[in-house]
Amino acid sequence: MFTSSSSPSQSDLHRPAGAFLILGFVWTISLLVLISPLASNLALKVFFLAVPVGLSIFVTISRPRDGFVIWAFGVSLLATQTGFQLDIGPYRTSALELAIVFLISLIFLLRHRGTSIPLAHYPGRRLFVFFATYASVMLVFSLILDTPLSVALSQFKGFLFYPLLGYILVAGLRSRRSLDWLVMILAGWYLAVGLNGIYQFAVNQGQEIFFRTSAGYAPSNIFGVTVAIIAVLLIGINSHQSPLRMPRWLGYLVALVLIAAAVTSLSRTAVIALVAGFLFLFLQRRIRHGYLLLIPIALAVITLVILPDDIFTYRIFQLTDSSSTRRFSYLYSGVQAWRANWLVGWGWGRSFVATGAAPSNMVDFWHSLWNDVSLVSRHAQPWYHNDYLNLAVQIGLVGLLLYLAFWQQVFARTRRWLREFPDSPLVGYVQGSAAALFAFLVGANFDHLLWRPDAAGIVGLLLGLLLVSMRLGESEVNG
C-alpha cells in the first residue's frame, strides 16, 4: 500500500514529535484569537495567522519530522472550520486550499532534496491522475469559451485539492499517539459545536429563524452533516478500541450527543448520511459489539419522537415544502443539461436552467425527465444540490466515471486491508474512517459537500485518517 520510505520505525509508532507542544500552543492561541472579536480588522488577522505559519514553515524546513506533525494537526483543524475564506482580487479561496497547495509542493521539494518524508501510496492514484488531467483539459476548454476564471476555478479546485489532504496527514501522523490525539481533539471540537447547535435548537424552537440556524458554525445542512459524520467516525473507532485508552463509554457518549445535534439540525442530508454510515458499519462482519450500534439508532428515534409535531413533519419527512420543490427544479435542470452533452460535459463553470414548467414533486420529475426542453446558459457555478450531477454537467460521463472509480479503488483497498490485517489494533480506525467517508460521499448526492470550502475539507480529512490508520496498523502487525 505504501512506499518503503513511508514505513514508520517502531519509535515513531509511539513517540510524538519534539516541537509539537510549542507549535501546538502557538497555533491554538492564534486560532482562538482569530475567531474572537479581538481580531477585528484585516491587519490583526494577518498577524495572528502569519506568526504560527511562519514558525511552522521554519520548523518544517529545519526539522521536517516535527514540522509536518504540527501541519497535520493544523490542516485537520482548518478542515473543521467554515470560515477563513480569502478573496484575492475576484478569486475566492480558503486558508485550507492554500495550505494544501503549499504543503504538497513542500513535501515533494523536500523529498527531492533527499529528506525522508513518508509519501502515501494512494489507492487508485493513477485514476486520480487521469481525472486531474482530464479536468485540467476541460478547464482550458472552459476558459476558451470565455468562462470567467473565478467561476471556472470554483469547483475545479475543490474536487481536485481536498482529496490531496491525505498526503499531508500521512507525512505528519507517524505515530499512533499522534493519531489518537488528533481524533480526541476532533471529538472535543465537534462536541462543543454539537452542544451549541442543540442549545440553539432549544432557544429558537418554534421561531422561523430556527429552520436556518447556524449553531454559530455553519448553515444548518453543513452543520448537521459534519456532526453526523464525526459521530459515525467515533462509533466505528470505539467499536474496537478507545483513543489513548479513554473509557469507551465516553467515546460513545460524545457520538450520541453528535447524533442528537445532527437530528435537531433538521437536515435531511444529515439523517441520510447517518443511515449510510451505520449501514456500512453493520455490514462489516468483524465489528465487535455490533449490538451497540442500536444505541445511536434508538437515540435518533427518540430525538425525532420528542420533536414537536409541526417541526418534525415540516422538515424531516416533508417533500412539498419550498426547499424540496426548488431541489426538484435544480435536479431537473441539471439532468436536462447533462443529457444535452452527456459524454464530455460543458466545461467548468458552465451552468444551465431548463425552460418551461419545472416539476415540483417526484412523480412529475420522473415523467418530465425525457421531455425536450430548451436550456438557458449562464456563466455561474452549477448549483444542482447533487455534487455528482454537478460534476457530470461540467466534465461529462468521462470525468464522473474517473472520479467515482478513484473512490471505488479506495474502498476496495480498505476491504482488502481488513481481510489481510483482521487483528490489527487499528481496525477500528480503519472501519470508522471508511464508514464516515462513505457516509459523506452518500450525502453528496443531496447537497454540495465535495468542493465547498466550508465542507469539503472533511473528505480529505477522512481519507487522510483512513490512509494513516492503514499505514500504522500494517506497520504494527508486521513489527
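Not measured: the values here are computed from a predicted model.
- Across all their heavy atoms, Y162 and S94 have their closest contact at OH-OG, 3.7 Å.
- Heavy atoms only, all atoms of each residue included: A255 and A231 are closest at O-CB, 3.7 Å.
- Side-chain contact between W338 and L397 is present, with at least one heavy-atom pair separated by less than 4.5 Å.
- Between L463 and F406, the shortest heavy-atom distance links the atoms CD2-CZ, 4.2 Å.
- For W71, the side-chain hydrogen bond (donor to acceptor under 3.5 Å, both in side chains) test picks out T60, with sequence neighbours left out.
- To the nearest 0.5 Å, the span separating CG on L139 from NZ on K157 amounts to 11.5 Å.
- Between D447 and V225 the shortest side-chain heavy-atom distance does not fall below 4.5 Å.
- Between the R248 side chain and the H240 main chain, a donor and an acceptor come within less than 3.5 Å of each other.
- In terms of modelled atom types and a separation under 3.5 Å, the side chain of W417 and the main chain of M470 share a donor-acceptor contact.
- Between F161 and T93, every side-chain heavy-atom pair lies at or beyond the 4.5 Å cut-off.
- Without hydrogens or angle criteria, Y122 side chain to P163 main chain gives a donor-acceptor distance under 3.5 Å.
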*asked:* V183 vs L234, test: side chain to side chain contact (heavy atoms under 4.5 Å, CB included). Steps then yes/no.
replied: CA-CA 8 Å; V183 170; L234 294 177; 4.0 Å; yes
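- Residue I395 holds its CD1 atom at 4.5 Å from CH2 of W348, rounded to the nearest 0.5 Å.
- Using a 4.5 Å heavy-atom cutoff, the side chains of T80 and T226 are not in contact.
- Contact check for I230 versus W189: no side-chain heavy atoms found under the 4.5 Å cut-off.
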*side chain to side chain contact (heavy atoms under 4.5 Å, CB included) evaluation trace for D387 with L441*: CA-CA 9 Å; D387 275 337; L441 293 173; over 6 Å; no
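- Atom CG of L467 sits about 11.0 Å away from atom CG of L462, to the nearest 0.5 Å.
- When all heavy atoms are compared, the tightest approach of S469 to V430 is CB-CG2, 3.8 Å.
- Within the 3.5 Å criterion, the main-chain N or O of G236 finds a donor-acceptor partner in the side chain of S239.
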*asked:* Pair L153, F156 - check side chain to side chain contact (heavy atoms under 4.5 Å, CB included), show working.
replied: CA-CA 5 Å; L153 281 176; F156 166 83; 3.9 Å; yes
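- Sorted by first and then second residue, the side chain to side chain donor-acceptor pair (under 3.5 Å) pairs involving residues 433-445 (not counting sequence neighbours) form an empty list.
- For F102, the CZ atom counts as densely surrounded, since its 6.0 Å shell holds more than 12 non-hydrogen atoms of other residues, nucleotides or ligands.
- Between F438 and F411, the ring planes lie perpendicular to each other; the angle is over 60°, past the 30° to 60° tilted range.
- Counting heavy atoms from C-beta outward, I70 and V26 have side chains that stay 4.5 Å or more apart.
- No donor-acceptor pair closer than 3.5 Å links the side chain of Q155 to the backbone N or O of G349.
- Of all non-hydrogen atoms in G277 and V232, the two that sit nearest each other are CA-CG1, 3.9 Å.
- Using bins of under 30°, 30° to 60° and over 60° for the plane-to-plane angle, the ring pair Y403/F131 lands in the tilted bin.
- Taking the side chain as every heavy atom from C-beta outward, F352 and Y384 approach each other to under 4.5 Å.
- Taking CZ from F159 and CG from L450, the interatomic distance works out to 5.5 Å, rounded to the nearest 0.5 Å.
- Within the model, atoms CG of L78 and CD of E97 stand 11.0 Å from one another, a figure rounded to the nearest 0.5 Å.
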*Report the C-alpha separation of L173 and R471 in whole Å, then their side-chain angles, then the decisive distance to 0.1 Å, and conclude whether the side chain to side chain contact (heavy atoms under 4.5 Å, CB included) test is met.*
CA-CA 10 Å; L173 299 180; R471 169 179 167 267; 6.0 Å; no
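- Shown here for I458 and A79, the closest heavy-atom pair between the two residues is CD1-O, 3.6 Å.
- By the side-chain hydrogen bond (donor to acceptor under 3.5 Å, both in side chains) test, Q409 pairs with no residue at all, sequence neighbours left out.
- Remark: side-chain polar atoms of T147 are paired, donor with acceptor, to backbone N or O of S142 under 3.5 angstrom.
- With contacts defined as side-chain heavy-atom distances shorter than 4.5 Å, the pair L404/Q408 does not qualify.
- Expressed to the nearest 0.5 Å, how far CD1 of I222 lies from CG of L449 amounts to 5.0 Å.
- For the residue pair N390 and Y330, no side-chain donor N or O sits within less than 3.5 Å of a side-chain acceptor on the partner.
- Enclosure of atom CH2 in W346 by more than 12 non-hydrogen atoms of other residues, nucleotides or ligands within 6.0 angstrom is indicated.
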